[in-house]
Amino acid sequence: MAAHTSPDAPLPVGEVSRLIGGWIDRLGAVWVEGQITQLSRRPGAGVVFLTLRDPSRDISLSVTCYRAVFDRVADVVSEGARVVVHAKPEWYAPRGQLSLRAAEIRPVGVGELLARLEQLKKSLAAEGLFAAERKRALPFLPQLIGLVCGRASAAERDVLENARHRWPAVRFEVRNVPVQGVHAVPGVIEAVQELDAHPDVDVIVVARGGGSVEDLLPFSDEQLVRTVAACRTPVVSAIGHEPDTPLLDLVADLRASTPTDAAKRVVPDVGEELTRVRHLRDRALRCVESLLDREERGLAAARARPCMERPHRMVEEREEQIDALAARGRRTLGHLLDRAASELTHTHARVVALSPAATLRRGYAVLQHEDGRVVRAATEVGPEEELRARVAEGEFAVRAVAPAPGASDEPAPAVTPPA
């Protein structure tokens, strides 16, 4: 329970240390896993001192054990080894220090490490951190490349030299960090996060040379894998050699088999690109020349056509056709008019032949009453009746007279012109 204190009634340091020790004493023993960073075995001393560090975090604890406990694993445990310790927390009140009193130390073997990595790999894969759709394409020509590697390492030299040989103008932002041991994971995580936040970095390369399984363990750390998965900048993993496959290779956007391969994959080769540009220019030139040749042939063929050589030929041909059609039309119309004229002449002749005027021209005359009625019988004319006689060339007035004595029984008035 919390102690009741105030500015007027504070607790002495010794009392606070005692209370903390009492609370820690109530804790039970725990199994702790870590990496040994410091190991002190003084000759003749019955206690061994070592420091146990979390490989993923910058946290460490002091561990003490009796020499008999450590001697059981002294042949297989040294600085840098990963161990599992069964220990009870202890509080050293005079100095206010927390430590672990180890009752058993077990080295973590390679087989066990690989089994744990396989289990972690399945867990991260189930979360989708290794999915192909999460991986981003690298820029064709990065302006600034972030490089995370060991200081003055062969991996750094391979990446820088090969990249600059391929593209002399390439620029690098290098972060030198520990690439093995207890400080590797925090250093690599910090460098990756710093480069990811850099506004000019287009791609990040994490490179390290080959090594044993234990040496490459930092690049399979869960926190590092999650940090790379959260990066906004594409990440290239170039860890170890071709057979080495830490979990960083699976979460990175691109896996390079070696640091040299990473340099080849990140930047293009200037010679190859110039050759490709030259080939493309030649291909474009051939395409344009082929197009021009085809169009020239088409233009020449069009100009060679009769209608293009003699543009008026078509008009002349149409003019001849029009003249022929007009002549044909005139001939047809003339035939029709001639036929109509012939028919009209025949009709006119028949009409003239049947016309009363023709009869009058043969010497006949037509007698008409004053009212215009034609005289058809002698009985229709009265004595002394004035009639009009119509002949072929005009008309004149006549008068009917009585018939002479001794004439036929049918009286027929004589027609005499009036006085």
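The shown structure was predicted, so the numbers you read here are calculated from the model rather than taken from an experiment.
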For [X], all residues meeting side-chain contact (heavy atoms from CB on, under 4.5 Å), sequence neighbours excluded:
| X | answer |
| --- | --- |
| H279 | T275 |
| S6 | D8, A9 |
| P218 | A184, V185 |
| D261 | A256, S257, T258, R265 |

L124 vs V251, side-chain contact (heavy atoms from CB on, under 4.5 Å): CA-CA, chis, key distance, verdict: CA-CA 9 Å; L124 296 177; V251 73; over 6 Å; no
Working for side-chain contact (heavy atoms from CB on, under 4.5 Å), residues V236 and D253: CA-CA 6 Å; V236 177; D253 297 290; over 6 Å; no
Check whether any side-chain N or O of [X] sits under 3.5 Å from a backbone N or O of [Y] as a donor-acceptor pair, and report yes or no.
| X | Y | answer |
| --- | --- | --- |
| S123 | Q119 | no |
| R166 | V267 | yes |
| N162 | T260 | no |
| T5 | P10 | no |
| R208 | V179 | yes |
| K135 | P234 | no |
| E380 | V375 | no |

Closest heavy-atom pair and its distance - [X], [Y]:
| X | Y | value |
| --- | --- | --- |
| T64 | F49 | CG2-CD2, 3.4 Å |
| E33 | R82 | OE2-NH2, 3.3 Å |
| V201 | G146 | CG1-N, 3.7 Å |
| A191 | V177 | CB-CG1, 3.8 Å |
| A163 | A263 | N-CB, 3.7 Å |

From R286 atom CZ to D293 atom CG, the distance as rounded to the nearest 0.5 Å: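 Here the interatomic distance stands at 13.5 Å.
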Point-to-point distance, once rounded to the nearest 0.5 Å, from CZ of F130 to CG of L247: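 Taking CZ in F130 and CG in L247, the distance rounds to 5.0 Å.
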Output a table of donor-acceptor pairs, distance under 3.5 Å, between side-chain atoms of residues 224-231 and any protein atom two or more places apart or on a different chain; print 'none' if there are none.
{"residue": "R226", "atom": "NE", "partner": "E222", "partner atom": "OE2", "Å": "3.1"}
{"residue": "R226", "atom": "NH1", "partner": "E127", "partner atom": "OE1", "Å": "2.9"}
{"residue": "R226", "atom": "NH2", "partner": "E127", "partner atom": "OE1", "Å": "3.2"}
{"residue": "R226", "atom": "NH2", "partner": "E127", "partner atom": "OE2", "Å": "2.8"}
{"residue": "R226", "atom": "NH2", "partner": "E222", "partner atom": "OE2", "Å": "3.1"}
{"residue": "T227", "atom": "OG1", "partner": "Q223", "partner atom": "O", "Å": "2.8"}

Under the rule for side-chain hydrogen bond (donor to acceptor under 3.5 Å, both in side chains), what residues qualify as partners of [X], not counting sequence neighbours?
| X | result |
| --- | --- |
| E190 | none |
| W91 | S17 |
| E173 | R175 |
| H165 | none |

Let me check something: any side-chain donor-acceptor pairs from residues 150-160 under 3.5 Å, sequence neighbours excluded? List them with distances.
{"residue": "S153", "atom": "OG", "partner": "G150", "partner atom": "O", "Å": "2.9"}
{"residue": "S153", "atom": "OG", "partner": "E156", "partner atom": "N", "Å": "3.2"}
{"residue": "E156", "atom": "OE1", "partner": "A152", "partner atom": "N", "Å": "3.3"}
{"residue": "E156", "atom": "OE1", "partner": "N176", "partner atom": "ND2", "Å": "3.3"}

Pairs flagged by salt bridge (charged side-chain N to carboxylate O under 4.0 Å, His left out) wherever residues 271-281 is involved - sequence neighbours left out: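 The answer is E273-R276.
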Sequence neighbours excluded - salt bridge (charged side-chain N to carboxylate O under 4.0 Å, His left out) pairs with any residue from residues 331-341: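 Passing the test, one end in residues 331-341: no pairs.
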Is the closest side-chain heavy-atom distance between [X] and [Y] below 4.5 Å?
| X | Y | answer |
| --- | --- | --- |
| L195 | T233 | no |
| E386 | V398 | no |
| D200 | Q143 | no |

Enclosure of K121 NZ (heavy-atom neighbours >12, cutoff 6.0 Å):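 For K121, atom NZ is not crowded (no more than 12 foreign heavy atoms under 6.0 Å).
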More than 12 heavy atoms from other groups under 6.0 Å of NZ on K88: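 Atom NZ in K88 is packed in, count exceeds 12.
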I105 and its side chain to side chain contact (heavy atoms under 4.5 Å, CB included) partner, picked from V48, I36, V83, V63: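 Only one of V48, I36, V83, V63 forms a side chain to side chain contact (heavy atoms under 4.5 Å, CB included) with I105, namely V83.
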From CA spacing to verdict: side-chain contact (heavy atoms from CB on, under 4.5 Å), V401, E384: CA-CA 5 Å; V401 297; E384 300 298 328; 4.2 Å; yes
